[in-house]
Amino acid sequence: MNLSKKQANKLVTGCIDNNRKAQEDLYKLFYADMLRVCLNYLPDKELAKEAFNAGFLKVFQSIENFDIEKGELGGWIRKIMIYTSIDLCRAELKFNHLSIPDKDDDDFFIAPDVLEKLFFDDILKNIRTLPYATQTVFNLSVLDGFTHKEIAEQLNISEGTSRWHLSEAKKQLRASLEIADQNADQLKERSGKAK
């Protein structure tokens with residue numbers, strides 16, 4: 001969501017002044033995108049809604065700290081939503097604290113032609129089948145660009161555990177995407193024979 005500095009400043013100033021219309025406008029403007037962010041981290045819709053509401057409460061409580069000259073309003077709100085979702089995830093879900101070697105197994109490759117055959121919703125559905133901890137690490141690393149060090153700090157796990165979860169996510173996603181690719185090829189063959 002790209003707002004001009006003037007639009008963002010007007011919304012921020014209105015929210016600081018406790019203007020209900022400005023708060024409502026800000027909420028409506030970012031509702032869909034930020035709920036989607038929460039759903040990326042919390043596959044349970046009720047938990048995602050809880051994180052979303054808690055995140056917006058934090059936004060309104062700390063809006064005076066936002067500096068329009070240092071960042072984009074949507075990015076600032078997104079970060080609050082991510083951290084709020086992680087906090088709730090940490091409170092609701094247990095992470096594996098096993099000590100795992102720092103071996104980096106990022107050699108799982110997903111062929112581009114497989115990805116081209118799938119829609120975003122199909123990929124998201126596959127991501128949501130991952131165990132919660134693995135899914136969260138995958139989202140933080142791949143979708144939001146966090147480093148393993150940042151992930152480890154946020155989730156209170158070791159960097160090795162973070163690497164393992166990412167490797168495991170890639171391995172599981174690769175397997176499910178390959179199955180989807182085979183199913184798509186079989187469906188194409190059947191429809192070709194039926195003609």
Nearest atoms (heavy-atom pairs only) where Cys38 meets Met81: SG-SD, 4.0 Å

Verdict with supporting geometry, Gln23 and Asn18, side chain to side chain donor-acceptor pair (under 3.5 Å): CA-CA 7 Å; Gln23 291 172 337; Asn18 237 359; 3.0 Å; yes

Side chain proximity check, Leu26 to Glu24, heavy atoms < 4.5 angstrom: no

Note: Arg78-Asp33 ion pair, threshold 4.0 Å (strictly below): no

Atom pair OG (Ser162) and CD (Glu150), whose distance is rounded to the nearest 0.5 Å: 10.0 Å

Identified side-chain contact (heavy atoms from CB on, under 4.5 Å) partner of Ile86 from the options Leu140, Leu42, Ile151, Asn139: Leu140

Check against side chain to side chain contact (heavy atoms under 4.5 Å, CB included), Gln154 and Ile82: CA-CA 10 Å; Gln154 285 300 313; Ile82 290 170; over 6 Å; no

Same cluster (ILVMFWY, side-chain, under 4.5 Å), Leu57 and Tyr41: no

Distance (rounded to the nearest 0.5 Å) between Trp76 CH2 and Ile63 CD1: 4.5 Å

Approximate separation, where rounding is to 0.5 Å, of Asn53 CG and Met34 CE: 14.0 Å

Between CZ on residue Phe66 and CG on residue Asn9, distance to nearest 0.5 Å: 9.0 Å

Ring center gap for Phe52 and Tyr31 short of 6.0 angstrom: yes

Check: His165 and Leu155 side chains under 4.5 Å, non-hydrogen atoms: no

Min side-chain heavy-atom separation Ser62-Ile80 under 4.5 Å: yes

From Leu39 atom CG to Lys49 atom NZ, the distance as rounded to the nearest 0.5 Å: 9.0 Å

Over all atoms of both residues, closest heavy-atom pair of Ala152 and Ser158: CB-C, 3.8 Å

Donor-acceptor contact below 3.5 Å, side chain Asp17 vs main chain Asn19: no

Spacing of Leu11 atom CG and Lys21 atom NZ [to the nearest 0.5 Å]: 9.5 Å

Close side-chain approach of Phe30 to Val59, heavy-atom, < 4.5 Å: no

Sidechain N-carboxylate O distance under 4.0 Å for Glu159, Arg163: yes

Side-chain H-bond candidate by donor/acceptor type, Gln172 with Glu168, under 3.5 Å: yes

salt_bridge(Lys10, Asp25) N-O dist < 4.0 Å: no

Flag, side chain of Ser141 to backbone of Phe138, donor-acceptor distance under 3.5 Å: no

Gln135 and Asn40 side chains, donor-acceptor separation under 3.5 Å: no

Single-linkage hydrophobic cluster Tyr83~Val142, side-chain heavy atoms < 4.5 angstrom: yes

Taking every non-hydrogen atom, the tightest pair across Leu35 and Ala48: CD1-O, 4.3 Å

